[in-house]
Structures are given as structure tokens and as C-alpha cells.
Protein chains: 2
Amino acid sequence: MDEETDGIPLNRPAPRDVDAIDRKILGVLVDDATVSYAELGDRVGLSPPAAHERVKRLRRSGAIRGTAVIIDPKAVKKPLLAFVHIDTRGWGKTPELMAVSQYPEVEEIHTVAGDTCMLLKVRTEDTRALEGLLARLYETPGVTSTRSYVVLSTYLERPVQPGITEKWPTPKHMAEPLY
Amino acid sequence: MDEETDGIPLNRPAPRDVDAIDRKILGVLVDDATVSYAELGDRVGLSPPAAHERVKRLRRSGAIRGTAVIIDPKAVKKPLLAFVHIDTRGWGKTPELMAVSQYPEVEEIHTVAGDTCMLLKVRTEDTRALEGLLARLYETPGVTSTRSYVVLSTYLERPVQPGITEKWPTPKHMAEPLY
DNA sequence: GATTGCGACAGAATTTAATACGGCCATTAT
DNA sequence: ATAATGGCCGTATTAAATTCTGTCGCAATC
């Protein structure tokens, strides 16, 4: 008896948006989600149960979508990272393309605005496995061409950060935008 | 008395590589790292302490680099995702570029092989914040140009998967490669 | 080929943390 | 003013993490 009763959604207590303390909590948990609520409370200035309550609310509201272990790619034999741009004939042919999401080497699929249609983030064991993936892509109906960017070095790779982004002051020589 | 004694590293028991059970464990924990060792053990066919021991070993060996909450980007006011390609004058100027890793909107920094030098994954509140980031990039010495791919829709985005990638059989019409 | 050492596991015991509960305070709405 | 609400703290209870001990199987050794 938590989410709903008899299928009737309980009227939630107005999903208050994340405040400064929530951001601090997220900041701690994004670095290490294994900390105890006691330590989490200490770090953000709350008692353990209060910290727990906050985290529960963040989970309920969907701000925290889940908790996952971060796997070293090399440990699971996927040392090769690449970004693949895909050009397609129209947007309609995506369903077949979505089949690639079944492959464990595909980590991200986006449609983008720019000089290409789609963008994939893939991780493979070696260049040969990447070639196999590209071969499968070319077999997919609708795919006209691909461009691959093989990662040489990764200098930063981290999950979504809770840190707020400061506003950009328009330079003096530029006119203030309407929007 | 776990990692080392008096600064002398203990000779570890040969970091055995991940086996099938380890992969199943990683598969469970990458979906939900909050499961108890009791349930984890059930799912992979081990007793709770045995599962615990496995996870501890995976952590020690570095296969599990950490545990993190997955934050909904919209909840922290970062609904806009973009990939930014950066062209630089030579590779030497990267140190100044690395300063962008301080910005919370930058999630990934890679050097790549292809028609560009570097690739950034960034998440901002809106197009204006992205403009601000690009402005800072252009101020960075060594940066000659950028190309941005604004994500329209994300169809898949997940952490490193433990799933093994099957080998690609060379098509009949292709010669077998030397390597 | 028997033996000894080692690594992995299961079951029980213990310690620690997660979770639930009751009361207090501040803010808000009536 | 006053009642209601939401958020917090301190405590109590429950559940899980962690430790300990013994057993089993495997492999290297003699």
C-alpha cells in the first residue's frame, strides 16, 4: 500500500521540485550510492531518517531513476568505445533501427539535429567487433551511410550531475537576444 | 588490515577474470544496485554470503568502479543534451581544454579518430546555456571550431552492460582478415 | 597416487544499517 | 488566532550486511 490503492492513484503531496539540500544529496549519491543514511545525513546536515525521507521522495518523484553499479568496460572485454553517426532515408525507418538496442554493445541511441540523423554510442571488444556491428547497421533497411568516431582516450565520463549551471552573461559586443 | 600493511602492498590472489556468474551479478546490479545480497544470491544461484564475496571481489578488482544513482536530467534542470565536436590546433593544447571538465554540464570528454579531434557530451538547461558553453569553448586557446549535435530524442541510454558480444562471422564474399 | 594447501561456498551468529513510529517546531491556510 | 501540514529529530524495531566457522572440490606437490 504505497503507490496506489485499488488502482486509484493517491493524490501525491505536490512533487515539490528539488531544493539545495536535494542537490547536495544527489551530489553525494552520484559519487557513491553505497553511503549509509547516517553518513549521508552528516554530509548534508540532516538526521539519518530525514535524509532517508528525502531520498525516498527523490525516488518517488522520479528524480532518482535508479541505482546502478559502474562497470569498468575493460573488465567485461569492451575496451573499444566509438560514436557512430547514421544517415537514413527519412525518419520513418527507425523501428528496424531500434533493434540494435538489443545488442549489449549499444549504450545510447539518439536522434540529433545536425549533419546526420542518428547517433550511437557503442562499446566493443575490438575493431573487428565494431566492424561486425557496422555490418549489421548497413544491413538495416533505411540506413544509407555511417560515420564512426573511434575514441582514443576518455578524459571524463560521469553520470548526470546535479550541479546547477550558472547563467551565461551576454557579451557586451552582442545584442541581447529576444529569447 | 585489508589493502596493505605498512605501505607494502599485499600480493593479491591473482585477479581472476570475471566468469559467467560474475556477469550475471553485474547484470543484476547494473539494473538495480539496491537489491539485497539475499535476492542477488537467489538470482544467480548463490548463498547471500557467497554473492557478497563475489561483489566484494569485483569491487576490489576494479570491475565495479562504484555505485551511483541515475538522475533524471529533467529533474535537475538539464533537459537539453548535445554532442559537441571540437577541432583544435594540434593535440598539445588539451590541458586548457580539460578545464571544461569542471563544468557540471560536461559529462564526457574524449579524443577521437575521425574528422574531428575531440568529442564532448554536454547537458544544459536550454539552448542559451549551451550557447554559453560554446562561447567558453571558443575562448579556450587552441580551439579552432566546433560542431554541435543537439539531441532531439533519446531512445536508449544505459550504463556499461556486462553482456558479452558475439563474434562476427566474416561474410562469404569477403576475404578473411589477417588480424 | 596420496596428500596438502588453497579458493569458493553454505549455514549460523553477530553487528550494523535501514525502516517505522511518535513527538516537536515552523510555516501556511483557514 | 488557530488548526493543519510538512519537515525534522530521537528512539525503537526490523531487516540486511558482515563476520565467522566448517565443508567441499580442485590443483599443485611430493
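None of these values were measured; they are calculated from a predicted model. Atoms considered below: every heavy atom in the structure, side chains included; atoms not considered: hydrogens, waters and symmetry mates. Per chain, numbering begins at 1; letters A, B, ... match sequence-line order.
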Point to revise | With B:K172 via salt bridge (charged side-chain N to carboxylate O under 4.0 Å, His left out) - residues at least two apart | key: none
Practice item. With sequence neighbours left out, write down each residue that passes ring-ring contact (aromatic ring centres under 6.0 Å, His included) with B:Y37, or none if nothing qualifies. Key: B:H52
Check your understanding: So which pairs with a foot in residues 74-89 of chain B pass side-chain hydrogen bond (donor to acceptor under 3.5 Å, both in side chains), sequence neighbours left out?
Key -> B:D87-B:T116, B:D87-B:S145, B:D87-B:R147
Tabulate below the donor-acceptor pairs under 3.5 Å that side-chain atoms of residues 21-29 of chain B make, not counting sequence neighbours, or state none.
unit_1: B:D22; atom_1: OD1; unit_2: B:R54; atom_2: NH1; d: 3.1
unit_1: B:D22; atom_1: OD2; unit_2: B:D19; atom_2: N; d: 3.2
unit_1: B:R23; atom_1: NH1; unit_2: B:P162; atom_2: O; d: 2.7

**Study point:** C:dC9 phosphate, OP1 or OP2, under 4.0 Å from B:R54 side-chain N/O
**Key:** yes
Practice item. Starting at atom CG of B:L46, determine the distance to atom P of C:dA10, rounded to an integer number of angstrom. Key: 5 Å
Review point. To the nearest 10 degrees, how far apart in direction are the end axes of the helix from C:dG1-D:dC30 to C:dT30-D:dA1, each fit to five base pairs?
Key: 30°
Study note, to complete from the structure: Only one of B:E107, B:E157, B:E108 passes salt bridge (Lys or Arg N to Asp or Glu O under 4.0 Å) with A:K121, and that residue is B:E108
Review point. To which residues is A:Y179 joined in a hydrophobic cluster, defined by side-chain heavy-atom contacts under 4.5 Å among Ile, Leu, Val, Met, Phe, Trp and Tyr, whether direct or through other members?
Key: A:L178
Side chains of residues 40-48 of chain A: which donor-acceptor partners sit under 3.5 Å, not counting sequence neighbours?
unit_1: A:R43; atom_1: NE; unit_2: A:E39; atom_2: OE2; d: 3.3
unit_1: A:R43; atom_1: NH2; unit_2: A:E39; atom_2: OE2; d: 3.0
unit_1: A:S47; atom_1: OG; unit_2: A:A50; atom_2: N; d: 3.4

Review point. Given atom CD1 of B:I25 and atom P of C:dA8, what is their separation to the nearest angstrom?
Key: 12 Å
Practice item. Can you check each nucleotide of nucleotides 12-27 of chain D against protein heavy atoms at under 4.0 Å and return B for base, S for sugar-phosphate only, - for none, in 5' to 3' order? Key: ----SSSB--------
Exercise for review: Quick one: name the residues clustered hydrophobically with A:L137, using the 4.5 Å side-chain heavy-atom rule over I, L, V, M, F, W, Y, and just say none if it's on its own.
Suggested key: A:L80, A:V84, A:I86, A:L97, A:M98, A:V100, A:Y103, A:V106, A:I109, A:M118, A:L120, A:V122, A:L130, A:L133, A:L134, A:V143, A:V150, B:Y155, B:L156
Check your understanding: Just how far, in rounded Å, is P of C:dG7 from CD1 of B:I21?
Key -> 18 Å
